[in-house]
Amino acid sequence: MATANIQQAEGQVVAHEDHGHDHEHHDNFISKYIFSTDHKMIGKQYLITGIFWALLGGGLSLVFRLQLGFPDMDMSFLSPILGGWISEAGSLDPEFYLAMVTMHGTIMVFFVLTAGLSGTFSNYLIPLQIGARDMASGFMNMLSYWFFFLSSVIMFISLFLETGPAGGGWVVYPPLSALPEAISGSGTGMTMWLVAMVFFIVSQLLGGINYITTVINLRTRGMSFSKLPLTIWAFFLTAVIGLLAFPVLFAASLLLVFDRSFGTSFYLSEIYIAGEALPNVGGSPVLYQHLFWFLGHPEVYIVLLPALGITSEVVATNSRKPIFGYRAMIGSMLGITILSFVVWAHHMFVSGLNPFLGSVFMFLTLVIAVPSAVKVFNYLTTLWKGNIVFTPAMLFSIGLVSFFISGGLTGIFLGNAAIDIQLHDTYFVVAHFHLVMGSASFFGLMAGVYHWFPKMFGRMMDAKLGYIHFWLTFVGVYLVFFPMHYIGIAGFPRRYYSFTNFDAFSDFTDLNMFVTVAAFFTAAAQAIFLFNFFYSMFRGRLAPANPWKSNTLEWTTTRYPGHGNWPGEIPTVYRWPYDYSKPGAKDDFIPQIVPYSQTKDSNLPHENELVDLEKETDAIIIDETES
Amino acid sequence: TKSNGINAILFVLFLVLGFGAFFWYSYSEFDRYQLPIASEHGILTDNLFWVTMGVTGIVFFLTHVLLFVFPYKYQYKENTKALFYPDNTKLEIAWTIVPAIVLSVLVFSGWKVWSEVTRQAPEEAQVIEIVGYQFAWIIRYPGQDQKLGEFDYRLIDATNAHGMDFSDRSTFDDFTASNIVVPKGKPVLFKIRARDVLHSVYIPHFRLKMDAVPGMPTRFWFTPNKTTQEMRDELGNPDFNIELACAEVCGRGHNSMRKTVTVLEQDEYDEWYAQQESFLAKNPEYLANVPSNLKEVAVLAAGMETDDADDTNKN
Amino acid sequence: MSDKENIILNTEDPTPTLSMHPKKFGLWLFIVTVVMVFAALTSAYIVRQGEGNWLDFTMPDIFWYSTGVILLSSMTMHWAYTAAKRDNLETVNIAIGITAVLGLAFVVMQFLGWGKLVDLEVFFVGNPSGSFLYVLTGLHGLHLLSGVIFLIIVLISTLRYKVHSRNMARMDMCATYWHFLDGLWVYLFIFLLLNN
Ligand code: HEA
Ligand code: HEA
Ligand code: CUA
Ligand SMILES: [Cu+2]
């Protein structure tokens with residue numbers, strides 16, 4: 001014990017040296033708002049950029065939904081924006097349709113739900129919740145944002161190219177993505193896509209290295225791994241997945257670049273196009289698919305895990321109950337992390353994959369449902385016998401659980417290779433991933449924004465508007481994506497500009513129209529959010545210190561924490577973050593910074609034993625709170 | 001508070017209305033989204049689909065009832081305190097094991113069907129080659145020898161769209177067809193290729209899908225179990241046709257790569273087959289590509305009029 | 001019972017958290033990403049090779065020599081490291097200088113190796129077996145150049161007396177990275193030998 005104490009003392013000294021000077025900075029506009037190294041500002045930069053991309057990605061989906069819902073519509077009114085992509089007769093160009101779908105997918109997956117979600121909350125919350133002054137390297141963190149920004153700019157510019165942006169689907173399978181003869185988007189558009197993605201990967205790696213280093217090395221005293229909030233666990237594991245998966249995407253893109261620009265044949269073989277036989281032999285398009293999905297599948301959990309982490313925190317806080325099965329939650333996230341690397345080929349059941357491998361991947365894919373099941377049941381049990389407060393964040397979290405169940409269950413169909421033969425590349429898949437990603441993760445993002453807005457901007461968002469936003473979005477999103485299952489079961493293929501060429505797909509014009517209308521309805525509901533967000537930023541009610549009566553560390557600092565997060569010492573942590581409604585306690589929450597010695601009435605028997613141990617260390621602790 | 005109560009009630013309302021709409025639509029529109037099945041393995045995979053639907057449907061229903069009723073039941077009340085209930089190892093184990101068992105059953109039945117569908121095609125299967133390119137499918141049958149000839153992508157030209165290699169004997173009697181015709185009740189093996197980018201052979205009524213990959217031939221075999229005529233009668237639609245579509249994005253015309261598939265009774269099929277004229281007979285100029293020592297064999301195998309052959313020989 | 005033990009562990013009183021120099025740790029994470037890139041490429045190599053149509057050739061001898069050079073550079077790197085620990089700054093400068101020169105020599109030899117490959121009619125554009133070789137060596141070469149830049153940075157800091165026995169972080173990281181690049185090449189070389 002004694003040695004431990006000495007170490008603590010030393011650790012403390014080091015911490016002082018490192019950060020003592022931080023809160024005396026004087027920032028000018030540029031270093032405060034633009035090239036900021038403060039993790040909180042960087043988090044907000046990610047958030048705002050993410051919202052921009054969400055609007056753009058959502059806007060694209062509205063345009064192509066118009067095409068799907070009303071194929072005969074005269075779209076000339078869009079020509080001011082889309083220019084030459086609308087023909088004289090007012091119809092949308094089929095290649096541009098594909099380009100819009102591709103950009104929609106790319107933007108939503110990478111720019112909104114990877115950068116916008118992980119980028120925002122990992123940056124904002126990791127130091128605040130583990131009790132650190134900032135990220136391990138503020139400079140790298142800033143670089144990470146600016147690489148993302150650069151990537152964004154390049155991707156954005158590619159939208160305005162004469163030949164259009166990349167158009168081969170967000171998975172950019174070669175040979176389509178390698179041959180400009182095959183689709184015009186595979187010219188400059190695809191080049192820019194690849195360049196943007198390389199910068200994006202760099203940004204994610206810089207960010208990820210920082211998150212992991214920070215979580216491992218900069219936790220405040222007492223913040224052992226078993227006392228970390230589940231949000232941090234989720235961000236941590238997300239960063240680990242990213243660190244292992246993104247380099248593989250880099251490798252895949254690199255080879256694609258060589259094939260496109262230098263004439264190698266990694267992915268190209270025996271191609272006859274535009275009346276000409278290309279010299280490439282010996283390449284394998286399936287190789288690309290393996291490499292892509294080795295990233296692509298973990299990527300979907302990169303998108304989901306932070307949302308689940310946020311939900312765990314929000315559900316526990318607002319049920320006024322400890323999260324049920326803290327350890328099981330961590331275990332299941334670890335399970336998902338590991339399993340996410342061994343299921344990738346379930347996207348390739350009918351790609352010509354060896355059927356035996358198909359069986360293996362079918363088995364592994366369905367195994368991943370087990371940890372997911374544990375999470376769902378733990379959420380349900382957390383709600384059970386709670387004392388539930390419906391903040392907007394809580395509503396979005398409940399919504400997330402609902403979408404995760406619906407979307408996850410459709411994953412069970414797809415994971416079954418025999419069933420996937422029919423369902424692959426139909427709207428059933430589209431329905432699956434919009435529910436589990438476009439809805440569940442999106443709701444996690446929303447929950448996070450509503451929950452941490454008071455910390456981010458020092459003001460409250462309007463709750464009533466939040467409720468309206470939630471209900472319209474919740475209903476709207478189900479109306480958009482649920483009907484897609486029927487369309488998918490009926491066999492409608494995805495990435496179809498129109499279904500009129502086939503008798504088999506001539507039905508369901510009514511449902512397609514309905515989906516489009518519902519999509520417009522849902523998008524309109526987001527205006528409420530936008531208004532609430534920007535209005536409250538400047539005019540909202542000033543936030544109390546701990547508006548949700550939450551236990552975690554970020555609520556122990558001031559309303560506008562400066563660079564360095566806590567004006568005085570960093571608080572010390574004594575307990576896990578989920579002591580809600582502990583029997584005997586006077587409040588229904590006990591923040592992590594309250595030592596057991598102050599909560600004699602509510603301590604569990606073994607916790608009382610700890611009080612004695614605490615006493616020994618008290619000297620230091622009291623010292624530091626007084627200094 | 002008031003809005004707390006309203007939100008709680010809305011969840012229950014959502015649950016009731018949502019499930020109401022779900023059951024109503026699923027039941028009343030069943031025939032619209034349930035495609036008729038025209039292949040033997042399709043019956044198996046569809047079975048599996050509905051079993052999975054049953055299992056997940058139950059899970060879906062139960063979890064959602066809990067998810068939306070709990071918020072109502074345990075909504076915030078002043079003076080009550082939530083139950084401090086952080087852990088229960090037995091419960092955790094239970095809901096790890098139960099889903100694991102359920103999933104094992106699904107995996108196992110899926111695996112059985114999958115191995116059945118993907119096993120080696122029977123010897124007697126009718127081989128048909130399907131080649132995708134931007135933006136159409138082309139079809140080739142082996143002739144009487146039931147062997148498809150070799151191909152090489154460098155031999156492709158406007159007429160010889162398959163890149164058939166005329167130095168291979170098996171090629172001589174191969175014929176191309178404008179639509180796919182298959183016999184009912186006999187295994188059919190599709191040999192699938194692509195010329196330029198990825199495509200995917202997709203015949204919804206057969207529950208059949210397989211990517212077409214340039215440089216890497218793929219295959220899929222199945223047994224049609226209804227003739228087109230039987231399907232027409234069943235659906236009461238005399239214009240019905242089974243269709244082949246493309247399911248892998250391939251560019252501008254991705255949504256237009258259509259071919260019809262006709263399923264005939266075996267005797268009708270044999271008759272049709274016998275009537276087909278070989279590619280060589282239709283395009284005698286390609287006789288020039290046949291090595292001279294094989295020309296006679298070729299003329300015979302292709303069933304060509306001899307004077308045709310003479311013509312090209314002179315050229 | 002065991003449950004209770006768990007909880008005790010769970011709620012132990014404040015202990016300092018595991019601490020490693022954050023930058024060093026970050027370097028290790030960076031190394032992980034580089035490992036992943038090469039793991040992806042070499043598994044792609046194997047997968048592709050399994051599909052046949054693969055051009056076999058023997059690695060030109062010069063790659064053996066370059067391997068020797070880079071192994072030697074690892075030794076001089078270690079020499080620099082121990083010298084720094086003993087505050088033997090003169091030696092540090094020399095050793096780092098030699099390491100950097102050996103590193104550059106390695107890169108030049110790799111480049112010459114490419115020339116030899118071309119003589120063998122193994123081209124970048126052509127059978128993927130050759131293309132892979134160029135990509136693997138080229139990418140490794142780029143990383144090695146970044147290592148040389150790192151060496152130069154350390155050299156400059158030693159000249160300014162910023163590297164010594166009580167300030168080893170930079171030296172440490174440089175040595176780690178250099179040995180890693182060495183190990184990576186040895187792995188790649190053996191991999192290529194075994195697969196050709
Ligand atoms: C956030 C993103 C996300 C998440 C979490 C998931 C989760 C899962 N996904 Fe999904 N998926 C995508 C995003 C995601 N997916 C995307 C983007 C694509 C398409 C890419 C493209 O082609 O463009 C895709 C495609 C996709 C395919 C390929 C389909 C095809 O192209 O043919 C498959 C196949 O196996 C699959 C399976 C699964 C499974 C089994 C899960 C599981 O993890 C789900 C587990 C969850 C549950 C099962 C629900 C909760 C559990 C219970 C309530 C317990 C009880 C349940 C039982 C006992 C059954 N997904
Ligand atoms: C995370 C992801 C995500 C999200 C949220 C969405 C949202 C939507 N998607 Fe998307 N979609 C994809 C991911 C997503 N999609 C992917 C990966 C593909 C596959 C691409 C491919 O095939 O290559 C796809 C493809 C796809 C298709 C298939 C096209 C085809 O195959 O031909 C369709 C068709 O209807 C569709 C529709 C929609 C609609 C109507 C919405 C609507 O819900 C949109 C409404 C939303 C908004 C208008 C945004 C407003 C949001 C805010 C204002 C939030 C504020 C932001 C913050 C708090 C940061 N999408
Ligand atoms: Cu061919 Cu899509
Ligand atoms: Cu997946």
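Protein chains get the first letters and strands the later ones, always in sequence-line order, with residue 1 at the start of each.
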### Query
Would you say Asn387(A)'s side chain and Thr80(B)'s backbone share a donor-acceptor pair under 3.5 angstrom?
yes

### Task
Counting only heavy atoms closer than 4.5 Å, note whether Tyr133(B) contacts chain A via side chain, backbone, both or neither.
neither

### Query
Does some side-chain heavy atom of Arg495(A) sit less than 4.5 Å from a side-chain heavy atom of Glu248(B)?
yes

### Query
Under the 3.5 angstrom rule, does the side chain of Asp588(A) hit a backbone N or O of Ala82(B) as a donor-acceptor pair?
no

### Task
With sequence neighbours excluded, give me every salt bridge (Lys or Arg N to Asp or Glu O under 4.0 Å) pair touching residues 203-219 of chain B.
Asp46(B)-Arg207(B)

### Message
Quick check on the 6.0 Å ring-centre criterion: do His254(B) and Tyr496(A) meet it?
### Response
yes

### Task
Kindly say whether Asp503(A) contributes a backbone atom to a donor-acceptor pair with the side chain of Glu243(B) at under 3.5 angstrom?
yes

### Query
Run the side chain to side chain contact (heavy atoms under 4.5 Å, CB included) check on Ile489(A) and Tyr33(B) step by step: do they pass?
CA-CA 6 Å; Ile489(A) 295 170; Tyr33(B) 60 82; 4.0 Å; yes

### Message
If I measure from the heavy atoms of chain A, does Ala21(B) come under 4.5 Å with its side chain, its backbone, both, or neither?
### Response
neither

### Task
For the residue pair Tyr497(A) and Ser256(B), confirm or rule out a side-chain donor-acceptor distance under 3.5 Å.
no

### Task
Return yes if some donor-acceptor pair links the side-chain N/O of Asp196(B) with the main-chain N/O of Glu181(A) below 3.5 Å, else return no.
no

### Task
Using non-hydrogen atoms and a 4.5 Å limit, figure out which bit of Phe96(A) sits close to chain B: side chain, backbone, both or neither.
neither

### Query
Is there a donor-acceptor contact under 3.5 Å from the side chain of Tyr85(B) to the main chain of Trp384(A)?
no

### Query
Which bit of Asn88(B) comes within less than 4.5 Å of chain A, counting heavy atoms only: side chain, backbone, both or neither?
both

#### Entry: Engaged part of Pro174(A) at the chain B interface, taking heavy atoms whose separation is under 4.5 Å
backbone

### Query
Pick from Thr45(B), Ile37(B), Leu35(B), Ile203(B): which one makes a side chain to side chain contact (heavy atoms under 4.5 Å, CB included) with Gln422(A)?
Leu35(B)

## Note on the structure
When rounded to the nearest 0.5 Å, the distance separating CZ of Phe14(B) from OG of Ser402(A) is 6.0 Å

### Query
What part of Ile421(A) lies closer than 4.5 angstrom to a heavy atom of chain B: side chain, backbone, both or neither?
both

### Query
Do the rings of Phe474(A) and Phe11(B) sit parallel, tilted or perpendicular, given the 30° and 60° boundaries?
perpendicular

### Query
Would you say the side-chain atoms of Glu95(A) pair up with the backbone N or O of Gly251(B), donor to acceptor, closer than 3.5 Å?
no

### Query
If you count the non-hydrogen atoms of other residues, nucleotides and ligands that lie under 6.0 Å from CH2 in Trp111(B), is the total more than 12?
no

### Message
Could you tell me if the side chain of Pro204(B) sits less than 4.5 Å from the side chain of Phe492(A), heavy atoms only?
### Response
no

#### Entry: Electrostatic pair Lys81(B):Asp587(A) at N-O distance under 4.0 angstrom
no

#### Entry: Winner by heavy-atom pair count (cut-off under 4.5 Å) against chain A, out of Arg32(B), Arg258(B), His205(B)
Arg32(B)

### Task
Against chain B, label Ile323(A) side chain, backbone, both or neither, depending on which of its atoms sit under 4.5 Å from a heavy atom there.
backbone

#### Entry: Contact class of Ser177(A) relative to chain B, heavy atoms under 4.5 angstrom
neither

### Query
Would you say the side-chain atoms of Asn255(B) pair up with the backbone N or O of Phe499(A), donor to acceptor, closer than 3.5 Å?
no

### Query
Parallel, tilted or perpendicular: which fits the ring planes of Trp576(A) and Phe84(B), with parallel below 30° and perpendicular above 60°?
perpendicular

### Query
So, the side chain of Tyr153(B) versus the backbone of Leu278(A): is there a donor-acceptor pair under 3.5 Å, distance only?
yes

### Message
Rounded to the nearest 0.5 Å, what separates atom CG in Leu198(B) from atom OH in Tyr173(A)?
### Response
8.0 Å

### Query
Would you say Pro175(A) and Pro214(B) make side-chain contact, with heavy atoms under 4.5 Å?
yes

### Query
What's the spacing between Phe49(B) CZ and Asn416(A) CG if we round to 0.5 Å?
11.0 Å

### Proximity breakdown for Val117(B) and chain A, heavy-atom pairs closer than 4.5 Å
side chain

### Task
State, yes or no, whether a side-chain contact exists between Asn7(B) and Trp471(A) at a heavy-atom distance under 4.5 Å.
yes

### Query
What part of Met257(B) gets closer than 4.5 Å to chain A, counting heavy atoms only: side chain, backbone, both or neither?
backbone

#### Entry: Region of Leu155(B) that comes under 4.5 Å of a non-hydrogen atom in chain A
neither

### Query
Quick one: does Phe324(A)'s side chain get under 4.5 Å of Glu92(B)'s, heavy atoms only?
yes

### Query
So which part of Phe22(B) gets closer than 4.5 Å to some heavy atom of chain A, the side chain, the backbone, both or neither?
both

### Query
Within a strict 4.5 Å, meaning less than it, do heavy atoms of the Tyr74(B) and Ser319(A) side chains meet?
no

### Task
Specify which of Ser115(B), Pro217(B), Ala8(B), Ser200(B) makes the most heavy-atom pairs with chain A at under 4.5 Å.
Ala8(B)

### Message
Here's one to test your reading of the geometry: is the NZ or CZ of Arg154(B) within 45 degrees of the ring axis of Tyr272(A) and under 6.0 Å from its centre?
### Response
no

### Query
Is there a side-chain contact between Arg252(B) and Asp93(A) (heavy atoms, below 4.5 Å)?
yes

### Ser104(B) versus chain A, the contacting section by heavy-atom distance below 4.5 Å
neither

### Summary
Here the gap from Phe502(A) atom CZ to Thr260(B) atom OG1, rounded to the nearest 0.5 Å, amounts to 11.0 Å

### Query
When rounded to the nearest 0.5 angstrom, what is the spacing between CG in Leu66(B) and CZ in Phe377(A)?
9.0 Å

### Task
Check whether Thr218(B) gets within reach of chain A through its side chain, its backbone, both or neither, counting any heavy atom under 4.5 Å.
side chain

### Query
In terms of heavy-atom proximity below 4.5 Å to chain B, should Val475(A) be classed as side chain, backbone, both, or neither?
both

### Query
Under a 4.5 Å heavy-atom cut-off, does chain B meet the side chain of Pro392(A), its backbone, both or neither?
neither

### Summary
Distance col, row Leu10(B):CG vs Phe470(A):CZ, nearest 0.5 angstrom, shows 9.0 Å

### Query
Heavy-atom count around Lys77(B) NZ within 6.0 Å, excluding the residue itself: above 12?
yes

### Query
Under a 4.5 Å heavy-atom cut-off, does chain B meet the side chain of Phe482(A), its backbone, both or neither?
side chain

### Query
Would one find more than 12 heavy atoms of other residues, nucleotides or ligands at under 6.0 Å from atom OH of Tyr27(B)?
no

### Task
Counting only heavy atoms closer than 4.5 Å, note whether Ile101(B) contacts chain A via side chain, backbone, both or neither.
neither

#### Entry: Contact check, side chains of Thr381(A) and Trp95(B), non-hydrogen atoms, under 4.5 Å
yes

#### Entry: Leading residue by heavy atom contact count with chain A [cutoff under 4.5 Å; candidates Pro86(B), Pro99(B), Cys246(B)]
Pro86(B)

### Query
Okay, side chain of Gln134(B), backbone of Ala182(A): is any donor-acceptor separation there less than 3.5 Å?
yes

### Task
Answer with side chain, backbone, both or neither: which region of Glu29(B) has an atom nearer than 4.5 Å to a non-hydrogen atom of chain A?
neither

### Message
So for Met216(B), is it side chain, backbone, both, or neither that comes closer than 4.5 Å to the heavy atoms of chain A?
### Response
side chain

